[in-house]
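Numbers for residues simply follow the sequence, beginning at 1. Below, all heavy atoms of this structure are taken into account, side chains as well, without hydrogens, waters or symmetry copies.
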Amino acid sequence: DPEVLEQRFPVLLRRFQIRRGSGGAGRWRGGDGVIREIEFRVPMTAALLANSHRVAPFGLAGGGAGQPGRALVRRADGGVELLGSTARADMRPGDAIVIETPGGGGFGESERVGGVP
């Protein structure tokens with residue numbers, strides 16, 4: 001919960017939303033991931049251990065892959081640093097980490113209407 005996160009740590013949750021369109025295509029689309037943007041209020045170290053950043057979540061039975069995850073640091077001075085799936089970053093007040101979780105793979109081939117998926 002955002003309130004618990006902000007109560008326990010000196011951070012602000014700036015954004016928490018669905019990552020629209022990140023789920024893979026298919027008769028049953030894969031679930032969309034989420035986007036979280038967390039701003040740091042004091043100097044801290046952020047550590048990331050994430051899966052599916054290099055390889056997209058695969059679909060099954062003809063379904064399409066979901067979008068892979070990604071993470072970045074948005075510095076208070078406007079700089080942006082892309083992070084790998086396992087990373088560590090020294091954060092300063094006003095810096096934010098943006099985490100985009102992967103979408104799920106789709107299942108089944110898309111139904112076609114008039115030959116168009």
S.K.: Taking E100 for its side chain and G33 for its backbone only, find out whether a donor-acceptor pair lies under 3.5 Å.
M.R.: no
S.K.: Of the non-hydrogen atoms in L12 and R41, which two are nearest, and what is the gap between them?
M.R.: CD1-NH1, 3.5 Å
S.K.: Look at the side-chain heavy atoms of Ile, Leu, Val, Met, Phe, Trp and Tyr, link any pair under 4.5 Å apart, and say whether V73 and L13 land in one connected group.
M.R.: yes
S.K.: Which distance, rounded to the nearest 0.5 Å, do you find between the CE of M91 and the CD of E39?
M.R.: 9.5 Å
S.K.: Would D32 and R19 pass as an ion pair if we require N to O under 4.0 Å?
M.R.: no
S.K.: Please check if I99 and V80 belong to a single hydrophobic cluster, counting links between Ile, Leu, Val, Met, Phe, Trp and Tyr side chain heavy atoms closer than 4.5 Å.
M.R.: no
S.K.: Is any side-chain heavy atom of R75 less than 4.5 Å from a side-chain heavy atom of R92?
M.R.: yes
S.K.: Grab the two heavy atoms, one from A76 and one from P93, that are nearest each other, plus how far apart they are.
M.R.: CB-O, 4.0 Å
S.K.: When you measure from the side chain of D90 to the backbone N and O of T45, does any donor-acceptor pair fall under 3.5 Å?
M.R.: no
S.K.: Report, as yes or no, whether the 6.0 Å neighbourhood of atom CD on Q7 holds more than 12 heavy atoms from other residues, nucleotides or ligands.
M.R.: no
S.K.: For the hydrophobic clusters of this structure (ILVMFWY residues joined by side-chain heavy atoms under 4.5 Å, transitively), does one cluster hold both L5 and F40?
M.R.: yes
S.K.: Just verifying a value: how many Å separate R14 CZ and I97 CD1, rounded to the nearest 0.5 Å?
M.R.: 15.5 Å
S.K.: Report the distance from atom CD1 of I35 to atom CZ of R20, rounding to the nearest 0.5 Å.
M.R.: 10.0 Å
S.K.: Report, as yes or no, whether the 6.0 Å neighbourhood of atom CD1 on I18 holds more than 12 heavy atoms from other residues, nucleotides or ligands.
M.R.: no
S.K.: Out of curiosity, does L48 fall in the hydrophobic cluster containing F16 (side-chain heavy atoms, cut-off under 4.5 Å, transitive links)?
M.R.: yes
S.K.: Could you state whether F9 and I38 fall into the same hydrophobic cluster, counting links through intermediate Ile, Leu, Val, Met, Phe, Trp or Tyr residues with side-chain heavy atoms under 4.5 angstrom apart?
M.R.: yes
S.K.: Under 6.0 Å from the CZ atom of R29, do we count more than 12 heavy atoms belonging to anything else shown?
M.R.: yes
S.K.: Roughly how far apart are L82 CG and H53 NE2, rounded to 0.5 Å?
M.R.: 9.5 Å
S.K.: Kindly give the heavy-atom pair with the smallest separation between P57 and P102, and that separation in Å.
M.R.: CG-CB, 3.8 Å
S.K.: For Q67, is there any backbone N or O sitting under 3.5 Å from a side-chain donor or acceptor partner on S22?
M.R.: no
S.K.: May I ask you to say whether E37 pairs ionically with R15, meaning some side-chain N is under 4.0 Å from a carboxylate O?
M.R.: yes
